[in-house]
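Quick note: residue numbers are just sequence positions, from 1. Treat the numbers as computed from the prediction; the structure is a model and nothing was measured.
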Amino acid sequence: MDFAVLLAGRAGQRSAQGFFSDDWDSRLKEDGTGVTEIDVAVEELLRKEVSRQLPGDGIFGEEGGSTSGSSGR
């Protein structure tokens, strides 16, 4: 639980840093929905940290799709 809380805080900080700056772009995905550089950066942060802390876990993300795991989680 501590890891989840820490990671949520880091993701929130990264998101706030991006959205409160004037230096970010957005684009349309293949499905027609929008995505910002910040969305992608936050998901990359989450994926990196979950993979480091829980290497056997699978990950399903909106921007990066799914990554299979071996833990059954």
Side-chain angles (χ1 to χ4, degrees):
M1 183 62 122
D2 291 340
F3 172 65
V5 172
L6 176 69
L7 194 53
R10 289 188 59 202
Q13 287 174 337
R14 176 64 186 97
S15 182
Q17 288 170 346
F19 282 113
F20 288 117
S21 77
D22 292 331
D23 188 29
W24 56 275
D25 293 316
S26 64
R27 63 178 168 79
L28 289 179
K29 296 186 286 188
E30 289 181 19
D31 66 3
T33 60
V35 62
T36 68
E37 293 173 337
I38 301 157
D39 297 324
V40 174
V42 168
E43 184 170 319
E44 287 173 354
L45 167 75
L46 294 170
R47 285 177 172 278
K48 176 183 159 194
E49 293 302 318
V50 168
S51 293
R52 187 176 61 80
Q53 186 75 19
L54 305 161
D57 283 11
I59 300 172
F60 183 79
E62 183 176 3
E63 312 311 338
S66 62
T67 304
S68 296
S70 59
S71 70
R73 292 184 286 195

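Other residues, nucleotides and ligands contribute at most 12 non-hydrogen atoms within 6.0 Å of the CG atom of Asp22. Enclosure of atom CZ in Phe20 is not indicated, since only 12 or fewer non-hydrogen atoms of other residues, nucleotides or ligands lie within 6.0 angstrom.
Clustering of Ile, Leu, Val, Met, Phe, Trp and Tyr by side-chain heavy atoms under 4.5 Å joins Val35 with Val40.
Expressed to the nearest 0.5 Å, how far CG of Leu28 lies from OG1 of Thr33 amounts to 7.5 Å. One finds the CD1 atom of Ile59 at 12.5 Å from the NZ atom of Lys48 (value rounded to the nearest 0.5 Å).
In terms of hydrophobic clustering, with Ile, Leu, Val, Met, Phe, Trp and Tyr side chains grouped at heavy-atom distances under 4.5 Å, Leu46 and Phe3 are assigned to a common cluster.
Judged as a side chain to side chain contact (heavy atoms under 4.5 Å, CB included), and not counting sequence neighbours, the contacts of Arg14 are Gln17, Ala41, Val42, Leu45. Taking Ser21 as the reference, Asp23, Trp24 meet the side chain to side chain contact (heavy atoms under 4.5 Å, CB included) condition, with sequence neighbours excluded. A search for side chain to side chain donor-acceptor pair (under 3.5 Å) contacts involving Ser15 returns nothing, not counting sequence neighbours.
Of all the heavy atoms in Gly18 and Ile38, the pair that sits closest is C-CD1, 3.2 Å.
Applying the salt bridge (charged side-chain N to carboxylate O under 4.0 Å, His left out) test to residues at least two apart or on different chains, the pairs with a partner in residues 51-61 are Glu49-Arg52, Asp57-Arg73.
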What donor-acceptor contacts under 3.5 angstrom involve side-chain atoms of residues 60-69, with partners at least two apart or in another chain?
residue: Glu62; atom: OE2; partner: Lys29; partner atom: NZ; Å: 3.4
residue: Glu63; atom: OE1; partner: Lys29; partner atom: NZ; Å: 3.2
residue: Thr67; atom: OG1; partner: Arg47; partner atom: NH1; Å: 3.0

